[in-house]
Amino acid sequence: MKMVNIFSVLISCMIISSCGNKGTSQPASPGLTEVKQENKSTTPVFNADSAYTYTENQVAFGPRVPNTPAHKACAQYLARELKRFGAQVYEQDMQLTAYDNTRLEARNIIGAFNPESNNRILLFAHWDSRPYADHDRDAANHRQPIDGADDGASGVGVLLEIARQISMQDPGKGIDIIFFDAEDYGTPEFVKEYKPDTWCLGSQFWAKNPHVPNYRAEFGILLDMIGSKNATFYKEQTSVRYAAPIVELVWNTARELGYGKYFINAKGGYITDDHQYVIAGRNIPCIDIINYDPETRSGFGSYWHTVNDTMENIDRETLKAMGQTVLEVIYNKK
Ligand code: AHN
Ligand code: ZN
């Protein structure tokens, strides 16, 4: 009996001392500088539940269509969240003219982290939702506004969670998050006259009137419709044309993290989206990460611009794939 006790004490000592040698969980000795293990900063862990909640919170306001109370209330929510995460926030109010000459009271919402840095990355998404379900199977819905759970809210939800992560761990560079308004007020299918440039009104305004004079960023990433179950992200062609190295960096990073089933190694279509105006107006190479389905006529999901663009399509695993990939890029891009 005595022997057993001595052995168990000896074994316990060995376990304790071997644990002590593992190092990382040990508190750093006072006065000693911590040794950097790699020339790579650790990337925060993206919380998909949090991104899901930010998406849900936007949808709960109702459709965020310009000139509606839901739109105004959601604008306040988004600015409040960015301020809570320590960003310098710009609320850029605009009067825009829609395809049918409706005056839109619109607002771009911008959060700048490390605003003094010259080394900047731009992340953006549109926060408005479409006033028309003009691709709905039921014509009676064509003039109904949509929830835009994926088309709008998901990209903003992921960027809010990225902002929260930045508030807890400084990436050591400038990050600008822009929520563009009035992306999705473009000419509806039921109006036949062609009018150019009726989409992306908020980014068109910003490209001519950036929140900071001579605004520059090394590159930009647009997240659009990035939250649905089994989404597929093909390499959008304007992105490939103007920002091929960023496309490759993002798609390679996603594959290395195990998200290759979402980030498909093939070209998609040319898509009219906010990135085009940021590229053309500010000369910043930008990519558009957007759920693309080469099998459908529109190129987008079956719920696109229908009353079915609801929270039911939103999947935490897709949000995680997107958020973790973008975090990895912004924390480790040399
Ligand atoms: C157009 O349908 C013109 N562009 C696709 C970009 C888009 C619409 N993103 C969200 N809604
Ligand atoms: Zn849309």
Side-chain angles (χ1 to χ4, degrees), residues 55 58-59 62-66 71 74 96 98-100 104 106 108 123-136 141-159 178-204 206-207 220-228 231-239 267-280 286-294 296-311 313-314 318 322:
T55 305
Q58 293 167 75
V59 173
R64 283 81 60 216
V65 173
H71 179 265
C74 187
L96 303 171
Y99 71 93
D100 59 354
L104 303 177
N108 293 328
L123 307 174
F124 52 116
H126 76 89
W127 75 271
D128 62 308
S129 50
R130 183 149 180 76
Y132 314 113
D134 54 342
H135 279 261
D136 205 279
N141 290 331
H142 286 181
R143 287 167 196 273
Q144 293 299 312
I146 67 171
D147 272 3
D150 197 31
D151 193 355
S154 66
V156 171
V158 164
L159 293 183
I178 306 188
F179 299 142
F180 285 121
D181 201 353
E183 188 274 342
D184 231 348
Y185 215 109
T187 312
E189 292 294 326
F190 52 78
V191 170
K192 290 300 162 214
E193 310 88 88
Y194 172 77
K195 222 179 159 190
D197 299 318
T198 63
W199 303 84
C200 308
L201 300 179
S203 57
Q204 291 190 52
W206 177 86
I221 300 176
L222 165 59
L223 304 186
D224 192 6
M225 305 193 275
I226 51 72
S228 76
T232 46
F233 308 116
Y234 286 76
K235 298 173 177 179
E236 190 276 328
Q237 300 241 31
T238 300
S239 312
K267 281 183 184 172
Y270 281 95
I271 295 168
T272 298
D273 214 338
D274 290 322
H275 68 312
Q276 290 192 340
Y277 294 97
V278 179
I279 293 168
C286 292
I287 69 166
D288 185 7
I289 312 181
I290 184 164
N291 182 19
Y292 183 79
D293 183 351
T296 64
R297 202 151 64 89
S298 72
F300 303 120
S302 59
Y303 57 86
W304 182 66
H305 291 183
T306 77
V307 296
N308 300 317
D309 183 358
T310 61
M311 283 306 291
N313 302 309
I314 303 301
T318 312
M322 186 56 60

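Whatever order the structure lists ligands and atoms in, that order sets their numbers, starting from 1. If you're wondering where the values come from, they're calculated on a predicted model, not measured in any experiment.
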Starting from atom 10 (C) of ligand 1, which protein heavy atom do you reach first, and at what distance in Å?
Asp151 OD1, 2.9 Å
Who's closest to atom 1 (C) of ligand 1 heavy-atom-wise, of Asp150, Asp224, Thr272?
Thr272
On a heavy-atom basis, which atom in Ala231 and which in Asn291 lie closest, and how many Å separate them?
CA-OD1, 3.5 Å
Is a donor from one side chain sitting under 3.5 angstrom from an acceptor on the other, for Thr55 and Ser154?
no
By number and element, which atoms of ligand 1 are closer than 4.0 Å to a non-hydrogen atom of Asp184?
8 (C), 10 (C), 11 (N)
Heavy-atom contacts under 4.0 Å between His305 and ligand 1: side chain, backbone, both, or neither?
side chain
Measure the distance from atom 2 (O) of ligand 1 to every protein heavy atom, then report the residue, atom name and distance (to 0.1 Å) of the closest one.
Trp304 CZ2, 3.4 Å
Considering only N, O or S atoms of Asp184, the one closest to the Zn ion (ligand 2)
OD2
Show me which atoms of ligand 1 lie under 4.0 Å from any heavy atom of Trp199.
3 (C)
For Asp274, which of Asp288, Ile178, Leu222 qualifies under side chain to side chain contact (heavy atoms under 4.5 Å, CB included)?
Leu222
For the Zn ion (ligand 2), does an N/O/S atom of Asp224 lie at less than 2.8 Å?
no
Testing the 3.5 Å rule here: is there a donor-acceptor pair between the side chains of Asp197 and Tyr277?
yes
Going by atom types only, do Asn313 and Ser228 share a side-chain donor-acceptor pair under 3.5 Å?
no
So, of the N/O/S atoms that Asp151 has, which is the nearest one to the Zn ion (ligand 2)?
OD2
If we ignore angles and hydrogens, is there a donor and acceptor under 3.5 Å between the side chains of His126 and Asp128?
yes
Could a heavy atom of Glu183 be found less than 4.0 Å from some atom of ligand 1?
yes
Near-ring test Phe180/Phe124, centroid separation under 6.0 angstrom:
yes
Could you tell me whether some N/O pair between His126 and ligand 1 is separated by less than 3.5 angstrom?
no
Between the side chains of Glu189 and His305, is a donor N or O closer than 3.5 angstrom to an acceptor N or O?
no
Please confirm if an N, O or S atom belonging to His305, backbone or side chain, lies less than 2.8 Å from the Zn ion (ligand 2).
yes
